[in-house]
Amino acid sequence: MADVSVIGAQWGDEGKGKLVDWLSAKADVVVRFQGGHNAGHTLVIDGKVYKLSLLPSGIVRDGKVSIIGNGVVVDPWALAAEIKKLKGQGVHITPVNLLIAENAPLILPLHGELDTIREGAAKDADKIGTTKRGIGPAYEDKVGRRAIRIIDLAHPETLAAKVNVLLNHHNALRRGLGVAEIAADELLAQLKEISKEVLPFAAPVWKVLHDAKKAGKRILFEGAQGVLLDVDHGTYPFVTSSNTVAGQAAAGSGLGPDAIDYVLGIVKAYTTRVGEGPFPTEDQGPDGQMLGERGHEFGTVTGRQRRCGWFDAVLVRQTLKVSGVSGVALTKLDVLDGFEKLKVCTGYKIGDVVYDYFPAGQDAQAKVEPIYEEMDGWSGSTAGARSWADLPAEAVKYVRRIEELLECPIALVSTSPEREDVILMKDPFEG
Ligand code: IMP
């Protein structure tokens, strides 16, 4: 397989970092295709800890090309800070190993401010629980055809007019919200200053990717967030503002639909969610608390405590289908060690009506009650297992039952944060 796309199949935080790192070691090119610096993951390589938010995982490895595709919203100040931090850790970042799509839209300070104001002003039930990084407002401007894009920074002669169009919109909003308007010349000066840090990396990445594909290079597409946060297929409106499904890997980087050979869906052996919105199997009792403590369920970007609950096979079966997932990587199985009983959601009910999928309506999504199947837990440990023989019999049963409910093969099981602790059935890059 030349090209692999990795996506989170729940609400994000499925443990993609470890697997993306493992796969990026085998890839020639690593591509981010959606989201922005709302994502966050930690890589541990040779004992060194790297925290990435916007840069593709390939950046910390020599000899890889890292690409930020047009589907990403780029905060140039966050980008410059991340580059500086990584360079301080000894990572080489040059226009040879980092390329940013010329047509990627920018996140500006006014976007973060608007995100924060809106979240602050929303009534509790209407809060999305965003990362306040300006992601939503920046995508709104992209779709509204008034975004400033990377390439615009290279053309001061037309940038002023673009900034005026953008500010006509934003200053009207700001007047309505009672916050100070933004002066065009100040924003232009800020953009001029930061453009020096970003423009050297700007490139027609669609072309670079086509050439890489033609040359038989291995390309890894690295998804951020999870499919349940997809703006179309997720728990709308409690979602992020981009498409997180694997199909976006093509559109968000400038390749055709045949770009991806294998889609690896990362699935945690239980469920977590950050932010607001429906979560049918959430457990606010001692079991949920234990999952959170044992799984260290705190957000990488915002430090927020994640909501925790049982495995929801209905939701994941659906996300695997809408993303065309070829195989599943089941992660954090070891967090379930020691639970006497485990629950798996196999359907939903609203009154007498049973659903074998997650209904689309906001009201229905809030109302569904999970139908659970109970399974025996295990007293032994799965931590660090590298073969089926290392797993307690009940753990094997749990994994096999999940595979059956998901109607998708499990390609690998991850049993600890260590890179080698994996039970591998299929290597996505190996045919
Ligand atoms: P936004 O992407 O900042 O607009 O936030 C929208 C929703 O997506 C909120 O519920 C966030 O908590 C969630 N979200 C965004 N990025 C991540 C992530 O990397 N992991 C988990 N949740 C995320």
Side-chain angles (χ1 to χ4, degrees), residues 6-20 32-43 51-57 71-75 78 82 105 107-120 122 124-143 222-245 248 252 266-268 270-279 282 292 295-309 315 319 331-332 362 365-366:
V6 176
I7 50 125
Q10 289 152 314
W11 277 290
D13 312 312
E14 297 91 354
K16 280 192 290 292
K18 164 178 160 172
L19 295 161
V20 163
R32 277 278 312 266
F33 56 87
Q34 51 75 222
H37 65 310
N38 49 349
H41 60 245
T42 307
L43 299 179
K51 289 197 184 290
L52 302 179
S53 213
L54 186 57
L55 292 169
S57 302
V72 174
V73 276
V74 180
D75 179 328
E82 197 170 322
I107 301 182
L108 305 175
L110 55 83
H111 293 126
E113 223 184 311
L114 183 57
D115 201 354
T116 307
I117 293 170
R118 282 182 183 157
E119 281 287 287
D124 277 355
D126 299 330
K127 282 191 203 299
I128 306 291
T130 73
T131 60
K132 299 182 182 162
R133 298 285 200 269
I135 306 292
Y139 276 117
E140 285 170 36
D141 282 345
K142 167 180 168 167
V143 178
E222 179 183 356
Q225 291 81 45
V227 176
L228 290 166
L229 290 170
D230 182 280
V231 69
D232 289 299
H233 299 286
T235 47
Y236 193 88
F238 303 100
V239 292
T240 191
S241 296
S242 61
N243 283 112
T244 59
V245 290
Q248 173 65 14
I266 315 294
V267 174
K268 186 144 63 180
Y270 51 99
T271 314
T272 60
R273 167 163 213 174
V274 209
E276 308 302 321
F279 180 173
E282 182 170 15
H296 308 291
E297 298 295 354
F298 292 92
T300 323
V301 172
T302 57
R304 289 180 291 177
Q305 196 166 352
R306 299 179 185 140
R307 300 154 64 192
C308 296
L315 274 183
T319 60
T331 63
K332 298 186 97 166
Q362 187 178 343
Q365 292 192 345

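One-based numbering, in listed order, for ligands and for the atoms of each. As the structure is a computational prediction, the values presented were derived from the model and not from experiment. Excluded from the calculations below are hydrogen atoms, water molecules and symmetry mates; all remaining heavy atoms, backbone and side chain alike, are included.
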Location of contacts on Phe238 toward ligand 1, heavy atoms closer than 4.0 Å: neither
Donor + acceptor pair across side chains of Glu222, Ser57 (<3.5 Å): yes
Identity and separation of the nearest protein heavy atom to atom 5 (O) of ligand 1: Thr130 CA, 3.3 Å
Subset of ligand 1 atoms that lie under 4.0 Å from at least one heavy atom of Gln225: 15 (C), 16 (N), 17 (C), 19 (O)
Exam field: side chain Lys132 to backbone Thr116, donor-acceptor pair closer than 3.5 Å: no
Side chain, backbone, both or neither: Arg304 near ligand 1, heavy atoms under 4.0 Å: side chain
Gly129: numbered ligand 1 atoms lying under 4.0 Å from its heavy atoms: 9 (C), 10 (O), 11 (C), 12 (O)
Contacting atoms of ligand 1, where contact means under 4.0 angstrom from a heavy atom of Trp11: 21 (C), 22 (N)
Ala39 neighbourhood, listing ligand 1 atoms whose heavy-atom distance to it stays under 4.0 Å: 19 (O)
Residue Val274 vicinity, atoms of ligand 1 by number, heavy atom under 4.0 Å: 10 (O), 12 (O), 21 (C), 22 (N)
Check: Glu297 main-chain N/O paired with Gln305 side-chain donor or acceptor under 3.5 Å: no
Arg133 vs Asp75 side-chain heavy atoms within contact, under 4.5 Å: no
Heavy atom of the protein closest to atom 23 (C) of ligand 1 (residue, atom name, distance): Leu229 CD1, 3.7 Å
Asp115, portion touching ligand 1 at heavy-atom distance under 4.0 Å: neither
Heavy-atom proximity to atom 3 (O) of ligand 1, best of Thr131, Asp13, Leu228: Thr131
Identified side chain to side chain contact (heavy atoms under 4.5 Å, CB included) partner of Asp13 from the options Lys268, Lys332, Arg273: Lys268
Heavy-atom check, side chain of Thr42 versus side chain of Lys51, under 4.5 Å: yes
